[in-house]
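Here the structure is laid out as structure tokens; the discussion comes afterwards.
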There are 2 protein chains.
Amino acid sequence: MSARPGEDELIARYFAPLAASSGALQLTDDAAFFSPPAGCDLVVTKDALVAGVHFYPDDAPALIARKALRVNLSDLAAKGATPFGYLLAIALPADWSAEWLAAFASGLAMDQAEFGITLLGGDTVKTPGPLMLSITAIGTVPQGRMVRRAGALPGDLVAVSGTIGDAALGCKLLGKTTGHIELADDLAAQLKDRYWLPRPRLALAPLLQDHASAAMDVSDGLAGDLAKLCRVSGVEAQVRVEDVPLSLAARAVLDADDTCLETILGGGDDYEIVFTAAPERMAIITAQAPVPVSVIGHISAGQGGVVFRRDGQPLRLLRGSYAHF
Amino acid sequence: MSARPGEDELIARYFAPLAASSGALQLTDDAAFFSPPAGCDLVVTKDALVAGVHFYPDDAPALIARKALRVNLSDLAAKGATPFGYLLAIALPADWSAEWLAAFASGLAMDQAEFGITLLGGDTVKTPGPLMLSITAIGTVPQGRMVRRAGALPGDLVAVSGTIGDAALGCKLLGKTTGHIELADDLAAQLKDRYWLPRPRLALAPLLQDHASAAMDVSDGLAGDLAKLCRVSGVEAQVRVEDVPLSLAARAVLDADDTCLETILGGGDDYEIVFTAAPERMAIITAQAPVPVSVIGHISAGQGGVVFRRDGQPLRLLRGSYAHF
């Protein structure tokens with residue numbers, strides 16, 4: 001193990017190179033500053049992740065870093081926002097190593113380049129407990145245009161990006177949640193990859209901003225998250241399970257064990273976007289979307305529930321959503 | 001102990017009432033939005049605090065909350081910024097109680113009212129480790145006017161707000177750091193109070209914005225923090241120990257035990273502001289400052305050191321600053 005630097009040296013070595021904006025002042029100041037673009041609202045979100053709760057302590061450090069960043073970017077994407085920068089608090093446990101931190105920082109660098117964002121500031125502390133990360137991500141939307149959860153109207157269609165359930169199945173394959181899954185290695189690898197590395201759907205943000213009536217990112221499972229969207233919108237969602245988009249791998253799992261439907265619809269970590277739009281608006285989104293988008297149902301009058309139907313029959317899920325808390 | 005609510009109920013009960021801005025959407029959305037005032041830069045800072053490292057786990061929950069908020073507001077004050085709002089991540093250990101959280105939230109409410117800020121968002125997670133908090137505070141300055149650490153020039157005077165060393169002595173009195181202090185109860189109470197409840201010097205921010213050449217908040221001890229300011233400014237500071245402002249309580253401690261000077265100058269948690277300004281500018285600041293300001297020395301050409309002199313003799317401090325890390 002290399003010698004471990006003190007806090008200032010650690011920041012200078014691993015984090016300052018990530019702070020490219022002039023207002024971040026190479027992380028040598030108490031705070032960072034930036035000039036928000038004229039005519040824009042700022043969109044801010046903050047997620048915390050704890051080792052042993054939100055990821056495995058022995059997950060690859062670069063993947064831990066990228067996941068922490070991406071779950072926040074996923075929130076911004078669902079709000080129609082363009083990410084700008086982020087602040088990072090990291091609490092390091094007693095056994096941290098310089099190698100671990102170098103790999104962690106390389107993961108951040110990789111994703112900063114991919115998503116065009118910069119580190120603005122943060123804090124590095126030690127903890128007698130497990131590794132913990134907290135990221136505050138900042139994005140922009142044209143003034144008044146953040147897409148909210150509240151806004152779904154009866155008659156709207158409901159859609160999701162990408163495929164649903166992969167990460168929850170991957171999590172199960174990794175032994176983090178109970179249950180056994182038999183699956184070919186290549187398909188299993190795809191599901192685990194979805195658990196480790198969310199794909200924030202930022203490419204969808206401009207279309208959501210222009211056309212969606214409501215949106216949120218699917219982090220705690222489609223069933224529970226869509227129910228939250230419906231509750232704050234004061235509506236009900238009707239979802240056809242057959243139309244929920246599944247990957248080949250998830251389809252294979254479900255074909256072998258139908259009880260996995262619960263995990264697919266109720267598990268978490270999808271980091272896809274579930275959204276609603278009036279039918280004519282949804283047609284524009286699905287026609288122009290640069291990522292796969294699937295219409296899975298519609299909104300009706302009601303009080304915040306989600307009704308899943310399979311072969312026309314209402315489906316009863318045992319638990320609504322995965323609670324990290 | 002009251003029944004403990006789940007995450008959504010917990011947020012609705014304790015945190016949503018703190019989220020007064022319409023863009024915080026009662027914390028029922030993925031993110032918050034706000035329109036930054038025209039012509040302003042945003043100033044962002046983030047501090048993390050871990051139980052057992054930055055505060056005692058059995059400190060009063062309202063005080064833990066207020067300290068976590070105030071250490072961030074102190075950063076904004078030192079940058080000449082006006083605070084606007086904050087995001088809070090809280091990782092709750094297994095033994096959290098509804099009473100604890102209610103008291104914690106009441107502390108936040110108290111300080112929101114005092115400082116005119118609002119909760120914008122955040123995240124609540126559980127941890128197998130100790131309680132941890134991370135706050136991102138957001139403030140504003142007129143464009144281009146954030147006061148930086150880099151900017152001190154030879155010939156500038158050096159000043160600090162308030163009194164120095166109280167919190168570090170209070171911390172020692174509380175038995176958190178080693179060393180014994182004999183002190184009358186009322187004076188001891190004052191020092192402990194300074195440890196528990198920082199006073200962010202926001203009242204000084206407009207004057208710093210207009211007149212200071214450099215500033216930072218004193219969180220890790222005057223000696224170490226002023227050295228940081230000098231390093232990034234590429235200068236040296238000459239400080240007369242006799243002019244460092246002490247409270248009556250700190251004076252009493254020092255009179256009884258001269259070795260406590262090390263704690264006073266090198267300890268942390270002051271949350272005062274150390275700043276530099278050209279003499280004519282400093283005269284304006286000291287004349288108009290709504291809080292006590294003491295000139296303690298001047299800036300000379302040099303390479304980042306701080307020379308403390310007492311009775312004209314250079315003083316050698318054993319350690320530069322308190323490192324929370």
Side-chain angles (χ1 to χ4, degrees), chain A residues 6-8 10 23 25 28-36 38 40-50 52-54 75-76 78-79 81 87-91 120-130 132 134 136 138-139 141 143-144 146 148-150 216-217 228 232 323-325, chain B residues 6-8 10 23 25 28-36 38 40-50 52-54 75-76 78-79 81 87-91 93 120-130 132 134 136 138-139 141 143 146 148-150 216-217 228 232 323-325:
Chain A
E7 182 179 9
D8 291 340
L10 181 162
L25 304 165
T28 60
D29 214 302
D30 305 71
F33 69 92
F34 61 95
S35 298
C40 277
D41 281 349
L42 287 173
V43 179
V44 287
T45 185
K46 185 179 182 80
D47 271 341
L49 297 93
V50 179
V53 181
H54 303 86
D75 282 320
L76 293 183
K79 303 294 98 185
L87 298 96
L88 166 72
I90 180 166
L120 290 169
D123 198 10
T124 307
V125 297
K126 65 180 177 183
T127 175
M132 178 169 161
S134 171
T136 301
I138 304 176
V141 287
Q143 204 155 36
M146 189 182 93
R148 312 189 189 180
R149 290 185 186 174
M216 72 181 289
D217 87 320
K228 285 178 197 168
V232 292
H324 283 120
F325 181 77
Chain B
E7 182 180 9
D8 291 340
L10 181 162
L25 303 165
T28 60
D29 214 302
D30 305 72
F33 69 93
F34 61 95
S35 299
C40 277
D41 281 349
L42 287 172
V43 179
V44 288
T45 185
K46 186 180 181 79
D47 272 341
L49 296 93
V50 179
V53 181
H54 303 86
D75 281 321
L76 294 183
K79 302 294 98 186
L87 298 97
L88 166 73
I90 179 167
L120 290 169
D123 199 8
T124 307
V125 297
K126 65 179 177 184
T127 176
M132 178 170 161
S134 171
T136 301
I138 304 176
V141 288
Q143 204 155 36
M146 189 182 92
R148 311 189 190 180
R149 290 185 186 174
M216 72 181 288
D217 87 320
K228 286 179 196 168
V232 293
H324 283 121
F325 180 76

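Convention: sequence-line order gives letters A, B, ...; per-chain numbering from 1.
- Most heavy-atom pairs under 4.5 Å with chain B: of the set A:Gly121, A:Ala78, A:Ala89, A:Gly23, this distinction falls to A:Ala89.
- The greatest number of non-hydrogen atom pairs below 4.5 Å with chain A, out of B:Val43, B:Thr136, B:Leu42, is found for B:Leu42.
- Annotation: maximal heavy-atom pairing with chain A below 4.5 Å, among B:Thr45, B:Val44, B:Thr28, B:Asp75, occurs at B:Val44.
- Put simply, CG on B:Leu49 and CG on A:Asp123 are 7.5 Å apart, with the number rounded to the nearest 0.5 Å.
- Contact tally against chain A (heavy-atom pairs below 4.5 Å) for B:Leu87, B:Asp217, B:Thr127: the top residue is B:Leu87.
- Scanning both residues, A:Ala91 and B:Val50, for their nearest heavy atoms gives CB-CG2, 4.5 Å.
- Comparing B:Ala31, B:Gly139, B:Pro93, B:Cys40 by how many heavy-atom pairs each has under 4.5 Å with chain A, the most go to B:Ala31.
- Interface summary for chain A: among B:Ile138, B:Val141, B:Leu88, B:Leu120, the most heavy-atom pairs under 4.5 angstrom belong to B:Leu88.
- Residue A:Ala38 does not touch chain B at all, counting heavy-atom pairs closer than 4.5 Å.
- Between chain A and the residues B:Ala32, B:Gly129, B:Ala48, B:Ser35, the largest count of heavy-atom pairs under 4.5 Å involves B:Ala32.
- Once rounded to the nearest 0.5 Å, the distance linking CD1 of A:Ile90 with OG of B:Ser134 reads 11.5 Å.
- Heavy atoms closer than 4.5 Å to chain B are found in the side chain of A:Leu25, but not in its backbone.
- One distance of note links NZ of A:Lys79 with CZ of B:Phe33; it measures 10.5 Å at 0.5 Å rounding.
- In this structure, B:Lys46 NZ and A:Lys46 NZ are separated by 2.5 Å, a value rounded to the nearest 0.5 Å.
- In this structure, chain B has a heavy atom under 4.5 Å from the side chain of A:Val232, while its backbone stays farther away.
- Proximity of a side-chain donor or acceptor of B:Asp30 to a complementary backbone N or O of A:Met216 within less than 3.5 Å is not detected.
- Looking at heavy atoms from C-beta onward, A:Val125 lies out of side-chain contact with B:Val53 at the 4.5 angstrom threshold.
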